[in-house]
Structure formats: C-alpha cells, structure tokens
Amino acid sequence: MTDRAARRGAYALAVIAAVAAIVLTVVGCAGGSPGRTFPSLVPAASPASWPRLTLPNGTAVLSYPPSLRRSASDTDAVSADQVSTGGMIELYLNATPRQGTERLRHWAAFRLRLLRSDDAVSAHEVAAAQRVTFRGGTGSCVIDGYVTRIGAHHYDEIACLVQGRTSASVIVAAAPAGTWARARPLLFRAVAAYAVR
C-alpha cells in the first residue's frame with residue numbers, strides 16, 4: 001500500500017469515527033433521554049439584592065430573585081414563586097429537609113418515583129449528576145420533565161438532594177416546559193446559591 005493510499009484510508013476512518021461520535025451524541029440527547037450531559041453548576045453566593053429564606057430547622061438557606069415572592073409551603077419548608085395574572089406558576093423554588101429514604105446515590109430514580117406517586121401522571125429524566133458541589137455540601141441532582149395530575153400542566157425542573165455537615169435537604173427549581181429554556185439560567189443561579197450547613 002502506498003503512503004497516499006494509507007493516508008486516504010486513515011482519513012476515511014477518521015471521518016467515519018467523527019460521524020459515529022456525532023450520531024451517538026444526537027441519539028443520546030434526543031427526546032430528553034437519560035444520559036444527556038448534565039450542565040455545569042458552580043456554587044456562588046446570590047446577588048445582595050436577592051431575598052433569603054432559611055429552613056425552619058436552620059440547616060439551609062434558599063436565595064431567590066426579587067421577581068419571585070415568598071409563597072405558602074409546608075411548615076418545615078420554604079418556597080418562593082412567580083405567578084401569572086391567570087394564576088399559573090411561572091417560576092418556582094422550594095427547599096425542604098430530607099423527609100425519609102432519599103439517598104444521594106439513587107436520588108434521580110427516587111425523585112421520579114416521588115413525582116409519579118404524588119403530583120404527576122408522567123415524569124421522565126433528562127439528565128442527572130452525582131457529587132455536585134454546593135455551598136457547604138455535596139449533592140445529587142436530576143433534571144426532569146413531568147405532567148401534573150391536575151390541569152395536565154407540563155413542567156421541567158432541577159431537583160437536588162444536598163448533604164451538608166449535619167443534615168440533608170432538597171432544593172427544587174421549576175418552570176413550565178414551554179419557558180424552561182428562558183427560565184433555566186435564573187433558576188440554576190438560585191440552585192447554585194443554595195447554602196447548607
């Protein structure tokens with residue numbers, strides 16, 4: 001085989017490998033299937049203008065954008081949301097102490113089961129990650145999409161179980177699926193600012 005033929009063969013193999021990599025990436029990401037690369041989440045303090053809510057047990061602090069308002073939640077939790085004039089939730093943040101059997105290792109599967117057994121007729125994983133760094137702790141996160149039982153509203157969310165030095169808690173940030181792409185940077189900033197003790 002001549003050098004020219006060898007180069008042509010090597011080039012053809014490189015092209016095939018590149019096309020295969022692109023196909024695998026597209027197939028892996030299409031339709032929100034599990035395995036999509038989880039976006040980078042860099043812990044950082046929220047802007048000084050953001051209000052803060054401390055969990056009643058004192059173990060975590062939820063910061064939220066000024067466009068949201070504190071909303072009703074369970075007695076052991078804190079929430080903030082932005083509601084449209086028609087009463088639809090446009091942005092939602094919630095922090096809750098760990099309730100029972102949640103564990104970092106199987107958090108994504110646990111969260112999807114919880115959604116399906118509680119508020120959702122369907123729920124699917126988009127991406128998940130473990131060993132995510134938070135301010136004061138480490139967490140496991142899942143990005144998922146679900147459809148509510150009441151009203152069949154489509155939402156996307158990021159939900160993280162975060163372990164601090166003394167306890168664990170869950171932060172959830174959600175928005176309607178139709179506006180998720182626009183809302184996500186702000187919601188991710190709130191999640192990145194979540195601080196545990």
Side-chain angles (χ1 to χ4, degrees), residues 34 36-82 89 91-120 123-146 155-175 180 183-197:
R36 178 180 278 183
T37 302
F38 193 87
S40 177
L41 190 66
V42 180
S46 63
S49 61
W50 285 28
R52 290 163 181 78
L53 296 171
T54 301
L55 282 178
N57 68 6
T59 60
V61 178
L62 173 69
S63 301
Y64 61 95
S67 60
L68 278 66
R69 296 288 176 263
R70 183 171 186 169
S71 58
S73 60
D74 294 337
T75 55
D76 60 349
V78 292
S79 297
D81 61 23
Q82 180 178 304
I89 294 177
L91 297 172
Y92 176 76
L93 290 168
N94 172 271
T96 305
R98 178 167 57 196
Q99 301 294 303
T101 59
E102 307 101 303
R103 294 294 178 265
L104 293 174
R105 187 173 177 192
H106 303 292
W107 169 245
F110 178 94
R111 179 65 183 173
L112 294 176
R113 281 196 309 273
L114 180 67
L115 285 169
R116 293 182 191 122
S117 67
D118 191 10
D119 299 327
H124 67 276
E125 178 183 320
V126 174
Q130 296 183 18
R131 295 181 294 280
V132 179
T133 303
F134 281 85
R135 299 175 64 214
T138 303
S140 290
C141 298
V142 60
I143 298 172
D144 60 73
Y146 63 93
Y155 282 92
D156 286 346
E157 69 169 17
I158 176 173
C160 301
L161 173 63
V162 186
Q163 179 66 56
R165 290 187 307 278
T166 60
S167 62
S169 56
V170 175
I171 179 170
V172 175
W180 173 252
R184 193 173 84 163
L186 187 65
L187 293 176
F188 269 58
R189 189 168 188 185
V191 172
Y194 190 59
V196 296
R197 298 170 181 156

Please assess Glu157 against Leu115 for the test side-chain contact (heavy atoms from CB on, under 4.5 Å), listing each intermediate value before the final yes or no.
CA-CA 11 Å; Glu157 69 169 17; Leu115 285 169; 3.6 Å; yes
Does a side-chain heavy-atom distance below 4.5 Å link [X] with [Y]?
X	Y	answer
Leu186	Leu91	yes
Arg135	Val61	no
Arg189	Pro47	yes
His124	Leu112	no
Arg184	Pro39	yes
Cys160	Tyr194	no
Val196	Ser169	yes
Pro66	Trp50	yes

How about Asp81 and Ser79: does a side-chain donor come under 3.5 Å of a side-chain acceptor?
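On atom types as modelled, these side chains do not qualify, holding no pair under 3.5 Å.
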Minimum heavy-atom separation for [X] and [Y], please, with both atom names.
X	Y	answer
Leu104	Leu161	CD2-O, 3.2 Å
Ile158	Trp180	N-CH2, 3.8 Å
Ser73	Ala77	OG-O, 3.0 Å
Leu55	Ala95	CD2-O, 3.3 Å
Ala183	Ala175	CB-CB, 3.8 Å
Ala159	Arg111	CB-NE, 3.7 Å

Spatial distance of atom [atom1] ([X]) from atom [atom2] ([Y]) [nearest 0.5 Å]:
X	Y	atom1	atom2	value
His106	Ser140	NE2	OG	10.0 Å
Leu68	Leu187	CG	CG	8.0 Å
Gln99	Asp74	CD	CG	7.5 Å
Leu114	Glu102	CG	CD	7.5 Å
Tyr64	Leu93	OH	CG	10.0 Å

When you measure from the side chain of Arg116 to the backbone of Ala123, do you find a donor-acceptor pair of N or O atoms at a distance under 3.5 Å?
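Present.
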Counting only N and O atoms by type, is there a donor-acceptor contact under 3.5 Å from the side chain of Gln130 to the main-chain atoms of Arg105?
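It does hold such a pair.
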Would Val170 and Arg98 satisfy side-chain contact (heavy atoms from CB on, under 4.5 Å), going step by step from the backbone distance to the final call?
CA-CA 6 Å; Val170 175; Arg98 178 167 57 196; 5.5 Å; no
Angle between ring planes, Tyr155 versus Tyr146, binned at 30° and 60°: parallel, tilted or perpendicular?
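Aromatic pair Tyr155/Tyr146 classed parallel.
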Checking side-chain contact (heavy atoms from CB on, under 4.5 Å) against Val142, which of Phe38, Trp107, Phe110 comes through?
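Of the listed options, the one satisfying the test is Trp107.
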Does a sphere of radius 6.0 Å around CZ in Arg70 hold more than 12 heavy atoms from other residues, nucleotides or ligands, not counting ones at 6.0 Å or beyond?
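Counting other residues, nucleotides and ligands, CZ of Arg70 stays at 12 neighbours or fewer.
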